[in-house]
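For ligands, and for the atoms within them, numbers begin at 1 and follow the listed sequence.
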Amino acid sequence: MHSKPIINSDIKSTDLNRWRLKVEHGRQTWHYLENDDEIKNWPQSIVDKYWIGLPFQSKTFEKPKTAFEAARNGFEFFKQLQTADGHWAGEYGGPMFLIPGLIIAMYITHIPIPEAWRIEIIRYLINKANPVDGGWGLHIEHHSTVFGTAMNYVVLRILGLDPDHPVMVKSRATLHKFGGAIGVPSWGKFWLASLNVYDWEGLNPIPPELWLLPYFVPFHPGRFWIHTRVIYLPMGYCYGRRLSAEITPLIEQLRQELYVQPYETINWSKARNNIAEVDLYAPHTKLLKFCNFMLNIYEKLPNIFGLRDLSLQESYELIKCEDENTDYLDIAPVNKVLHILSTYYEEGPDSEAFKLAKERLIDYMWLGPEGMMMSGTNGTQVWDTAFTALAAIEIGLADDPSNHQSMIHALEFLEDAQIKKNPKDSKRCYRDNTLGAWGFSTRDQGYNVSDCASVGIKAVLNLQKKLSYTPDLIPKERLYQTIDILLSMQNTDGGFASYERTRGSKLLEWLNPAEVFGNIMVEYSYPECTSCVLTALKTFQKWYPDYRADEMNQIFKNALKYLYNSQYEDGGWYGSWAICFTYASMFAIQSLESFGETYENSQVVKKGCDFLISKQKEDGGWGESYKSCETGTYVHHENSQVVNTAWALLALMAGKYPNEEPIRRGIQLIVSRQLPTGEWKQEAIEGVFNKNCAISYPNYKFIFTIWALGKYAKIYNNPVIC
Ligand code: LAN
């Protein structure tokens, strides 16, 4: 979602009234109904209309006088977006490098691109082109880069836009101004080489042989951060086989359009280390350059001891492992489409595995007001639903009989979404246990994330224990399983990472080959994840004080130490998964408060609150730019944002900041932005990953605003504020 004007009527779209979102056990798939009978039998819902940006009738409210009224109106609106299976669905776009992998992989493997997708993806990309230069960046709010521009240019050409189309002329001029696709970062080089419009000689090696090393080697890929591990696995497989698309007239044309010099005259070995200045975030280190130099020599040697064949075999085994453990969803969209390519090459287009892999592509496609995008994961189901339930319960909305059904549905969904098994061959596949955990999206995806399991169990405990009308759907044995997983995840520094404990040294970051992302090589402890685990364990202890209590006390001690140590000099905590200091500081202060630390008795909390207060804007709100995440220091957004404001307020209220006035002003800002329907409009992008890429969390503008308003009402006895 983007704050730029939506629906540009000049761009061709499908008949938007024909789209439907189907939900089953959290699985979200968009369908375009061609047949009129189907349309009659499957009416378009409010959920469909809201996310596509079509008008629908919604109740309107008088201007609220209190924060509680505003929270209630907000929830009345948001409740309409709960899906039939009990979860809150939502767009999860932002990155601009996902659709290229998908469309290039579909083109190479001859998967037909449905016409409705084709039209809507074209519409999305045209809407997302930067108005000034017609290029695309790494994400929707980024400046144009070679990666974004070259890759999305290729997509539009595959989808049928003519090179003389004004959109193509403009973006090509920008690409050429940057020196052409020659300087595309390594992931772009990989995709272009797969398409046969870049030469494999122009890539630094991606050696699949690394998988043959014994695990004790410090740079064994099994030690990498899970995403990096599972992306370089199929990339290494495809690189090792050097397979490229067959040459078609389109490929020949692209070879001429993408570069500023004739394709035949390009010196490919020189291109390996040519990365455009506009793209660079994490330049190659000297160590990486040296490794690449050595590996390039290795690539020229004959296939010693058949190592290449052995490593390709091993890689494909691991690729299959990931497919089977995730029901062919794979962890996220990047490895998903790399698997499409690998499976096509290894098993062929008629194989069962290729058929199953194809069927899961739709899980990643999302139709938004500006067209069709590819989501950062197969959705945000567990994460958004758990937070929504927690907010509604804490602020008392869940007690209102008109919301009982909604809460019961949320509980049913969370029960269903709990992961009920461990990965198959976990050790062999470098996976950890997952039994009893929750992931970020659905049970099928099957990856435990420390903070998702934490908010999952916290939501379930609150739903089952605090509300009198809900059934105990999850018995205590299954809650113990969640706790067992969480207790196994603490790092030696006391903090908690995202999916696994840290397995490798942070020095591995010196080998980061991706140029456009930071902190991707290994897991790190994160204040957000650590805080979520802490509050989850605390919540659990309220009802089950005896279960592994001694171990928990030790874990608390070390985790608190980590939180103290990760506070920045000026008082804030750096957020890795959303923007940025306001986000992580909220989590940190909330968890400190659960240990009784507040402004009055804790220097750490005091410093955290004072830091946030120093960032409040004139209008009473907070607005933080994604540049904070890139630079590591607080950067103001030019405007206040309701989401940052809500985070800052929740932090201040958790820390029991002694002065109500700044808090009231923040609350007033949130109320002033609320529409008569109870909703808030989309503002700037909210989330981030790997320091440099922003990602949308459009439900945050409901969840955290409602939460902050309701909490204010509760703490300050709901005074009249407008
Ligand atoms: C996500 C989305 C959710 C996010 C939180 C749960 C919010 C976080 O607290 C822990 C990390 C996690 C699970 C996370 C990790 C990285 C993801 C999967 C993403 C940001 C969504 C997209 C991103 C993925 C890595 C994109 C692929 C690109 C690479 C650079 C590897």
Between ligand 1 and the protein, which N/O pairs are shorter than 3.5 Å?
from	atom 1	to	atom 2	distance (Å)
ligand 1	9 (O)	Asp451	OD2	2.2

* To do: On the 0 to 90° scale, with breaks at 30° and 60°, tag the Trp211-Tyr430 ring pair as parallel, tilted or perpendicular.
  => tilted
* Asked: With sequence neighbours left out, what residues match Tyr568 under ring pair (Phe, Tyr, Trp, His ring centres under 6.0 Å)?
  -> Phe581
* Is there a donor in the side chain of Gln28 and an acceptor in the side chain of His87, or the other way round, less than 3.5 Å apart? -> yes
* Can Lys627 be said to sit on top of Tyr634's aromatic six-ring, NZ or CZ under 6.0 Å from centre and within 45° of the ring axis? -> no
* What residues, two or more places apart in sequence or in another chain, satisfy ring pair (Phe, Tyr, Trp, His ring centres under 6.0 Å) together with Phe587? -> Tyr583
* salt bridge (Lys or Arg N to Asp or Glu O under 4.0 Å) involving Arg503 - partner list, sequence neighbours excluded -> Asp432, Glu500
